[in-house]
Amino acid sequence: MKHNILTLIRSEQYKSKGNQGALWALLFPVAIVLLGAAYAVFSGRTGVTWTSVYGDFVLTLFNLTYPMVIALVVFSLCSLEYRNDNLKLIFTLPVKASSIYVAKFTYLFFVVFASALAGFLSFILCGYIIGLSGAGTFDFAFMPIIAVAFVRLFIALMVIASIQNVISWLFRSFVTPVGFACFITFAAMFAFSGKTWYGYVPYVSIQKALRGMLNSVSVLDRSDCFGIAIILLFAILAAPIFLRLRKAKG
């Protein structure tokens with residue numbers, strides 16, 4: 001079974017080569033960080049630190065747009081199976097249908113992780129470059145806090161991805177999954193902002209994840225544990241929805 005799952009994961013990677021969803025997930029955080037770096041250097045704010053860049057630019061754009069990007073990425077990966085009768089073909093493979101689902105969710109996990117990691121590495125590199133340019137210094141003693149911030153970011157992104165995974169298997173049109181992500185994100189930002197439980201709302205938890213870096217938070221909190229529970233819950237909920245497609249194609 002282990003060999004089958006690993007083979008299926010490699011198959012998912014092969015299928016996604018012609019799909020731009022994984023590429024969007026990797027390039028988006030890098031593009032936002034680069035924009036933040038340009039903002040820090042060319043805005044005329046000498047002595048600006050990386051915490052200011054996050055607070056003024058990167059954090060805001062991440063919170064506003066990252067949920068929609070994740071929604072598009074998840075839907076693009078799910079939509080691969082609706083092309084050329086791929087669903088019918090994969091369910092004829094000599095492996096358990098549950099193994100197919102585990103492989104798909106594992107691949108999604110790695111795509112989201114790679115997205116967060118790409119943002120993290122580009123963040124460090126741009127911080128180092130800006131420090132050399134004299135626009136501000138990048139304190140490597142601050143890196144453990146940054147690392148925790150991106151772990152929290154990864155959890156926040158996986159919560160969104162897990163929820164979107166369920167929605168994307170229920171609806172074949174990208175309008176519903178992406179529209180849902182947009183609606184919840186903006187509604188939560190305007191309706192729930194300032195509430196004590198604001199950080200527990202999945203689609204705006206990105207803000208709290210990165211805001212923790214500004215406040216030098218170096219540990220995970222209850223909202224992060226809640227996020228992990230949501231990931232597990234929706235991973236389980238998506239399984240019967242996906243397996244039901246086997247009957248629909250049968």
Side-chain angles (χ1 to χ4, degrees), residues 1-26 28 66-67 69-118 150-174 176-178 180-181 202-203 205 220 224-250:
M1 180 176 178
K2 181 179 179 181
H3 174 73
N4 288 335
I5 291 179
L6 292 177
T7 302
L8 289 169
I9 293 174
R10 287 194 292 266
S11 175
E12 292 297 316
Q13 181 183 12
Y14 177 79
K15 284 190 296 184
S16 65
K17 286 183 178 180
N19 183 277
Q20 296 183 350
L23 183 62
W24 296 340
L26 292 174
F28 172 77
Y66 223 147
V69 171
I70 292 297
L72 282 170
V73 169
V74 174
F75 179 80
S76 69
L77 294 177
C78 293
S79 66
L80 289 173
E81 305 305 340
Y82 294 118
R83 302 174 186 174
N84 304 318
D85 288 329
N86 281 346
L87 270 179
K88 185 176 182 180
L89 292 174
I90 63 174
F91 284 128
T92 60
L93 295 175
V95 293
K96 293 181 179 180
S98 58
S99 297
I100 297 174
Y101 172 74
V102 170
K104 287 185 174 298
F105 192 83
T106 302
Y107 181 70
L108 174 62
F109 180 93
F110 283 124
V111 168
V112 176
F113 179 80
S115 179
L117 184 61
F150 270 90
V151 169
R152 301 181 77 189
L153 172 64
F154 170 63
I155 294 173
L157 294 178
M158 269 308 301
V159 170
I160 298 172
S162 300
I163 297 173
Q164 291 296 141
N165 188 46
V166 171
I167 300 173
S168 295
W169 286 124
L170 289 172
F171 301 96
R172 295 194 180 189
S173 172
F174 79 95
T176 302
V178 176
F180 177 83
Y203 286 78
S205 56
L220 303 180
D224 301 307
C225 297
F226 177 75
I228 294 173
I230 292 295
I231 294 170
L232 295 175
L233 174 62
F234 277 87
I236 294 172
L237 289 177
I241 296 174
F242 174 76
L243 298 178
R244 187 182 61 181
L245 297 175
R246 175 179 54 178
K247 298 179 181 179
K249 289 295 177 180

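Starting from 1, each residue takes its place in the sequence as its number. What's counted below: heavy atoms across the whole structure, side chains too, no hydrogens, waters or symmetry copies.
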Show me the pairs that pass salt bridge (charged side-chain N to carboxylate O under 4.0 Å, His left out) and involve residues 106-115, at least two apart or across chains. none
State, to 0.1 Å, how close Ser173 and Pro177 come at their nearest heavy-atom pair, and which atoms those are. O-CD, 2.9 Å
Side chain proximity check, Tyr203 to Gln164, heavy atoms < 4.5 angstrom: yes
Measuring only between side-chain heavy atoms, which start at C-beta, is Asn165 closer than 4.5 Å to Cys78? yes
Would you check if the distance from the ring center of Phe154 to the ring center of Phe109 is below 6.0 Å? yes
Compare all side-chain heavy atoms of Ile230 with those of Ser162 and state whether any distance is below 4.5 angstrom. no
Under the criterion side chain to side chain contact (heavy atoms under 4.5 Å, CB included), which of Leu72, Val74, Val69 is the partner of Val178? Leu72
Qualifying residues under side-chain hydrogen bond (donor to acceptor under 3.5 Å, both in side chains), relative to Ser115, sequence neighbours excluded: Tyr66
Please round to the nearest 0.5 Å and tell me the distance separating atom CH2 of Trp169 and atom OG of Ser79. 8.5 Å
How far apart are the closest heavy atoms of Ile163 and Phe180, and which atoms are they? CG2-CE2, 4.3 Å
CD1 on Ile100 to CG on Leu243, rounded to 0.5 Å: 8.5 Å
Can you tell me how far CD1 of Ile70 sits from CD1 of Ile160, rounded to the nearest 0.5 angstrom? 7.0 Å
Contacts of Tyr101 that satisfy side-chain hydrogen bond (donor to acceptor under 3.5 Å, both in side chains) - sequence neighbours left out: none
To the nearest 0.5 Å, what is the distance between CD1 (Ile241) and CG (Leu170)? 4.0 Å
If you measure from OG on Ser168 to CZ on Phe242, what distance do you get to the nearest 0.5 Å? 13.0 Å
Search all heavy atoms of Val159 against all heavy atoms of Gly227 and return the closest pair with its distance. CG2-O, 3.2 Å
Indicate the atoms forming the closest heavy-atom contact of Asp224 with Ile155, along with that distance. O-CG2, 3.8 Å
Interatomic distance, Lys104 atom NZ to Leu77 atom CG [nearest 0.5 angstrom]: 8.5 Å
